[in-house]
2 protein chains.
Amino acid sequence: MMLDIHDLKLLQLLQQNAKRTTKEYAHRLGLSTTAVYERIKKLERQGMVLHYVALLDKKKVALDFVVFCHVRLTRHTQANIGYFEREVMKLPEVMECHHLSGDYDYLLKIVVRDMEAYRHFMVAKLTAIEHIGSTQSSFTIKEVKHTTALPLLP
Amino acid sequence: MMLDIHDLKLLQLLQQNAKRTTKEYAHRLGLSTTAVYERIKKLERQGMVLHYVALLDKKKVALDFVVFCHVRLTRHTQANIGYFEREVMKLPEVMECHHLSGDYDYLLKIVVRDMEAYRHFMVAKLTAIEHIGSTQSSFTIKEVKHTTALPLLP
DNA sequence: CTTGAAAGGAGATATAA
DNA sequence: TTATATCTCCTTTCAAG
């Protein structure tokens with residue numbers, strides 16, 4: 001379960017680009033392809049690597065209207081919380097949902113086509129969920145930075 | 001540049017799991033492997049698919065302390081904005097940075113090991129950036145949902 | 001950990017239907 | 001547009017140092 005420097009560098013490379021050949025990773029790490037192959041399989045087996053995915057260009061697929069929405073529930077019973085979280089899970093427009101400390105209860109990251117689509121999402125989907133007290137939306141003017149790579153090597 | 005239903009389904013599959021074989025995608029779409037192969041190459045050439053990456057388990061790599069930090073700048077000159085955004089880009093702990101409408105200027109998603117690491121990040125890195133007026137941090141108690149898959153098929 | 005070998009599979013391209 | 005054939009390279013496993 002312990003990660004040495006080779007594992008960390010390998011994970012870093014896989015986070016940047018998962019489509020290289022084992023030979024290429026081996027070259028970058030200064031190890032043999034067999035060794036790197038075994039390391040990748042080990043990291044997958046251990047669940048360090050969850051899965052491999054394609055990342056798309058939001059603009060190119062016309063889904064670049066990003067909204068952060070703070071949500072407060074009316075009452076924080078176990079039942080209300082469970083219900084809200086299950087409903088939010090079903091909404092594909094909600095890419096992230098975090099239960100937060102502080103003033104509001106949840107922070108949602110929502111991606112839709114445009115403002116009109118957002119209005120529809122809010123009215124028909126989000127605020128249709130029971131027990132929501134209040135919401136507060138902030139719109140992304142510009143996505144300055146966005147990475148899926150965790151900071152393994154500080 | 002137009003996407004038909006096959007393209008959308010294919011992108012959806014690639015967003016979920018990019019390690020399947022062309023034959024498998026073809027089977028799921030009801031198309032031939034050659035056709036799907038050409039479609040994938042087309043989507044890559046057009047830049048719809050930015051890249052392929054490994055997604056890691058935050059917990060397993062001990063980086064599951066997630067903080068959302070709102071940042072306000074002192075003055076919103078072009079120079080200040082440019083400087084702040086360039087500095088934030090350099091920080092690996094900042095996984096996302098959004099220029100927002102509303103009360104605060106920026107929303108940052110920061111991932112570190114624990115509260116102590118966050119304190120160090122704030123003191124030594126973030127607030128070391130010039131022209132930051134104020135910050136307000138909210139800590140993630142629980143990550144309810146997190147996906148990288150854009151909602152292509154509503 | 002390394003090298004080397006070997007089988008099978010998938011990627012990539014060309015050609016025919 | 002599909003299907004087929006081909007070639008190459010990669011993946012995957014194994015043995016031995």
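Chain letters run A, B, ... following the sequence lines, proteins first, then strands; residues in each count from 1.
Per the geometry, CD belonging to A:Glu44 stands 8 Å off P belonging to D:dT12, to the nearest Å. For A:Leu31 and C:dT2, the CG to C1' distance is 10 Å, given to the nearest whole Å. A straight line from CD1 of A:Ile40 to P of C:dC1 spans 13 Å, rounded to a whole angstrom. B:Glu24 places its CD atom 8 Å from the P atom of C:dA10, with the value rounded to the nearest Å. If you take NZ of B:Lys41 and P of C:dT13, they are 8 Å apart, rounded to a whole angstrom. Separating the NE2 atom of A:His6 from the C1' atom of C:dT2 is a distance of 13 Å, rounded to the nearest angstrom. What separates NE2 of B:His27 from C1' of D:dA3 is a distance of 18 Å, to the nearest Å. The separation between A:Lys42 atom NZ and C:dC1 atom P is 8 Å, rounded to whole Å.
In this structure, the ring of B:His98 has its center no less than 6.0 angstrom from the ring center of B:Tyr106. The ring of B:Phe139 has its center closer than 6.0 angstrom to the ring center of B:Phe65.
Taking the side chain of A:Tyr37 as heavy atoms from C-beta on, and the options C:dA12, D:dT13, C:dG11, the nearest nucleotide is D:dT13.
When the side-chain nitrogen and oxygen atoms of A:Arg20 are compared with OP1 and OP2 of D:dC10, none of them lie within a distance under 4.0 Å.
How far CG of B:Leu14 is from NZ of B:Lys19: 13.0 Å, rounded to the nearest 0.5 Å.
When heavy atoms are screened at a 4.0 angstrom cut-off, B:Lys23 is found touching no nucleic acid atom at all. Using a 4.0 Å heavy-atom cutoff across all strands shown, A:Ser32 reaches at least one base atom of the nucleic acid. Within the 4.0 angstrom heavy-atom criterion, no nucleotide atom of any strand lies near A:Thr33.
Two residues, A:Thr34 and A:Thr22, neighbour DNA chain D, and the one matched to the more 5' nucleotide by heavy-atom proximity is A:Thr22.
Under the salt bridge (Lys or Arg N to Asp or Glu O under 4.0 Å) test applied with A:Asp4, the options A:Arg39, A:Lys9, A:Lys42 reduce to a single match, A:Arg39.
The two residues B:Leu3 and B:Met48 make their nearest non-hydrogen contact at CD2-CE, 4.0 Å.
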